[in-house]
Amino acid sequence: MTEIKAVGVVGSGQMGSGIAQLAAVHGLDVWLLDTDPAALSRATKSITTNIHRLISKGQLSQAAGNNALGHLRCSSNLEELRMADIVIEAIVESEDVKKTLFLELDRIAKTSAILASNTSSISITRLASATSRPCQVIGMHFMNPPPVMKLVEIVRGADTSDNTFFATKALAERFGKTVICSQDFSGFIVNRILMPMINEAFHALYTGVATKEDIDTGMKLGTNHPMGPLQLADFIGLDVCLSIMKVLQAGLGDSKYAPCPLLVQYVDAGRLGRKRGIGVYDYRAAEQVKQSARL
């Protein structure tokens with residue numbers, strides 16, 4: 001089985017930075033890549049803050065925290081990934097963009113390296129087709145935020161080898177995660193079930209069944225969900241939710257997966273959720289209060 005000692009992560013957003021943090025904390029050399037230097041700077045600050053928080057809570061020793069930060073390197077140059085044993089992409093949820101990246105990674109990464117995607121819905125088989133190593137391509141879907149959520153969803157493409165699967169599974173377990181395995185169908189397991197629920201919550205809001213607050217409260221208190229579906233959609237990103245619904249509709253060929261017009265409208269308006277300060281809910285006033293408190 002492939003032994004993983006060095007990890008490359010492409011994309012330094014919340015998912016990518018979280019995956020990089022996990023790898024560093026668990027003693028692996030990590031290269032975090034992003035074409036945007038400002039995004040890399042934010043990611044480094046976030047990872048450093050998170051590790052210091054773990055130390056302050058007694059969940060990580062000072063020495064272990066310093067060691068983790070010492071394992072982390074940031075770069076905007078994909079060529080830095082030549083020595084990685086596994087490269088995990090965590091970029092925009094677009095098949096075309098991911099395929100372009102996988103084509104480039106296939107050229108750069110050493111021949112034994114595994115190429116993994118953190119995609120939440122896109123076919124691993126189709127991503128693998130952009131490479132000369134389809135047996136070494138796999139889905140490794142972390143939940144958001146990766147350092148906190150206990151689950152990793154592993155997805156085998158049509159040609160994914162047993163060696164690739166077992167090495168990826170072992171890495172997830174080294175991170176302390178519970179692993180579930182999905183066949184390569186649109187949406188896999190989690191989003192095949194979750195996104196239609198979120199979409200239905202949008203339909204309930206769109207048709208005036210109830211207010212957003214009552215829809216979320218109903219699901220929190222009535223089904224013991226920690227977060228209502230509309231609030232969760234804001235946390236995930238409405239653009240991501242819309243993208244996944246489109247993948248489900250195209251891949252499964254059923255009109256029941258058609259995105260709610262209200263979800264489409266919100267995305268068109270730039271109301272993408274917490275990351276933009278407004279989605280189903282408006283977070284801007286609360287963020288201003290937080291910023292004032294810091295001053």
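All values derive from a computational prediction rather than experimental measurement.
One finds no salt bridge joining Lys98 and Glu95 here, because no Lys/Arg side-chain nitrogen approaches an Asp/Glu carboxylate oxygen to under 4.0 Å. Comment: Lys275 engages Asp239 in a salt bridge, judged by a side-chain N to carboxylate O separation of less than 4.0 angstrom. Under a 4.0 Å N-O distance rule, the pair Glu200/Lys256 does not qualify as a salt bridge.
At a threshold of 4.5 Å between non-hydrogen side-chain atoms, the residues Lys177 and Leu151 do not count as touching. For the pair Asp85 and Val7, the minimum side-chain heavy-atom distance is 4.5 Å or more. At least one side-chain heavy atom of Leu238 sits less than 4.5 Å from a side-chain heavy atom of Leu263. When side chains are defined from C-beta on, Pro146 does not count as touching Phe175, because their heavy atoms never get closer than 4.5 Å. Leu69 has its side chain within reach of His52: a pair of non-hydrogen atoms, C-beta onward, lies under 4.5 Å apart. At least one side-chain heavy atom of Arg156 sits under 4.5 Å from a side-chain heavy atom of Asp162. Taking 4.5 Å as the limit, every side-chain heavy atom of Met15 sits out of range of all side-chain heavy atoms of Glu89. Residues Val155 and Phe165 fail the side-chain proximity criterion, which asks for heavy atoms closer than 4.5 Å.
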Could you go through the side-chain hydrogen bond (donor to acceptor under 3.5 Å, both in side chains) check for Asp234 and Tyr283 one step at a time? CA-CA 10 Å; Asp234 273 353; Tyr283 305 92; 2.6 Å; yes
Please test Leu242 against Ile244 for side chain to side chain contact (heavy atoms under 4.5 Å, CB included), starting from the C-alpha separation and ending with a verdict. CA-CA 5 Å; Leu242 177 58; Ile244 295 171; over 6 Å; no
Might you work through the side chain to side chain contact (heavy atoms under 4.5 Å, CB included) test for Thr100 and Asp96, ending with a clear yes or no? CA-CA 6 Å; Thr100 299; Asp96 289 342; 5.5 Å; no
List the steps, then state whether side chain to side chain contact (heavy atoms under 4.5 Å, CB included) holds for Thr35 with Ser76. CA-CA 5 Å; Thr35 55; Ser76 293; 5.6 Å; no
Begin from the C-alpha positions of Glu80 and Arg73 and carry the test salt bridge (Lys or Arg N to Asp or Glu O under 4.0 Å) through to its verdict. CA-CA 10 Å; Glu80 298 276 359; Arg73 301 169 181 83; over 6 Å; no
Take Tyr281 and Asp216 through the test side-chain hydrogen bond (donor to acceptor under 3.5 Å, both in side chains) and record every step on the way to the result. CA-CA 11 Å; Tyr281 295 89; Asp216 278 347; 2.7 Å; yes
For Lys45 and Arg42, what are the C-alpha separation, side-chain angles and deciding distance, and is it a side chain to side chain contact (heavy atoms under 4.5 Å, CB included)? CA-CA 5 Å; Lys45 183 178 179 180; Arg42 289 192 298 270; 5.7 Å; no
Quick one, Ser121 with Asn191, criterion side-chain hydrogen bond (donor to acceptor under 3.5 Å, both in side chains). Give me CA distance, side-chain angles, the key distance, then yes/no. CA-CA 7 Å; Ser121 61; Asn191 282 319; over 6 Å; no
Worked verdict on Glu153 versus Ser182 for side-chain hydrogen bond (donor to acceptor under 3.5 Å, both in side chains): CA-CA 7 Å; Glu153 188 176 39; Ser182 173; 4.8 Å; no
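Here Leu40 contributes atom CG and Cys74 contributes atom SG; the two are 5.0 Å apart, rounded to the nearest 0.5 Å. Taking CZ from Arg192 and OG from Ser186, the interatomic distance works out to 8.0 Å, rounded to the nearest 0.5 Å. One distance of note links CD1 of Ile114 with OG1 of Thr168; it measures 4.0 Å at 0.5 Å rounding. Here the straight-line distance linking atom CE of Met227 with atom CG of Leu232 works out to 6.0 Å at 0.5 Å rounding. To the nearest 0.5 angstrom, Ile55 atom CD1 is 6.0 Å from Asn66 atom CG. Taken to the nearest 0.5 Å, the CG atom of Leu262 stands 9.0 Å off from the CG atom of Leu230.
In this structure, Tyr266 and Phe202 have perpendicular ring planes: the angle between them is above 60°, well past the 30° mark.
Around atom CD of Gln183, no more than 12 heavy atoms belonging to other residues, nucleotides or ligands sit under 6.0 Å away. By the neighbour-count criterion of 12 heavy atoms within 6.0 Å, atom NZ of Lys110 is densely surrounded, having more than that number from other residues, nucleotides or ligands. More than 12 heavy atoms of other residues, nucleotides or ligands shown are found within 6.0 angstrom of CE on Met197. Counted within 6.0 Å of NZ on Lys246, heavy atoms from surrounding residues, nucleotides or ligands total 12 or fewer; the atom is thus considered open.
One N or O on the side chain of Thr160 and one on the backbone of Val137 form a donor-acceptor pair closer than 3.5 Å. With hydrogens and angles disregarded, a donor-acceptor distance shorter than 3.5 Å links the side chain of Asp184 to the backbone of Ile124. Panel note: side chain Arg133, backbone Ala113; a donor-acceptor pair is recorded below 3.5 Å. No side-chain donor-acceptor contact under 3.5 Å links Asp159 to the backbone of Cys135. Proximity of a side-chain donor or acceptor of Asn50 to a complementary backbone N or O of Ser46 within less than 3.5 Å is detected. A donor-acceptor pair is defined here as one N or O able to donate and one able to accept, closer than 3.5 Å; no such pair exists between the side chain of Ser12 and the backbone of Ala43. Asn118 places a side-chain N or O within donor-acceptor distance of the main-chain N or O of Phe142, the cut-off being under 3.5 Å. Side chain of Ser129 to main chain of Arg126: a donor-acceptor pair is present (N/O by atom type, distance under 3.5 Å, no hydrogens or angles).
Pairing each heavy atom of Ala20 with each of Leu32, the nearest pair is CB-CD1, 4.1 Å. Scanning all heavy atoms of the two residues, the minimum distance from Ser75 to Asn77 falls at OG-N, 2.9 Å. The two residues Met245 and Pro196 come nearest to each other via the heavy atoms SD-N, 4.0 Å. In this structure, Lys220 and Pro226 approach most closely via the heavy-atom pair CD-O, 3.9 Å. Taking each heavy atom of Arg271 and Val280 in turn, the nearest pair found is NH2-O, 3.8 Å. Residues Ala233 and Ile198 come closest through the heavy atom pair CB-CG2, 3.7 Å.
Side-chain polar atoms of Ser243 and Glu93 form no donor-acceptor pair below 3.5 angstrom. Residues Asp106 and Thr131 bring no donor and acceptor atom of their side chains to less than 3.5 Å of each other. In the model, Asp254 has no side-chain atom that pairs as donor or acceptor with a side-chain atom of Gln249 under 3.5 Å. Between the side chains of Asp29 and His71, at least one donor N or O lies within less than 3.5 Å of an accepting N or O. Under 3.5 Å, the side chains of Ser161 and Gln136 contain no donor-acceptor pair of N or O atoms.
Clustering ILVMFWY residues whenever any of their side-chain heavy atoms sit less than 4.5 angstrom apart, transitively, puts Leu33 in a cluster other than the one holding Leu28.
Here the rule is side-chain contact (heavy atoms from CB on, under 4.5 Å) with Gln21, and of Val9, Leu72, Leu54 only Leu54 fits it.
Listed by chain and number, the residues in a salt bridge (charged side-chain N to carboxylate O under 4.0 Å, His left out) with Lys169 are Glu173 (sequence neighbours excluded).
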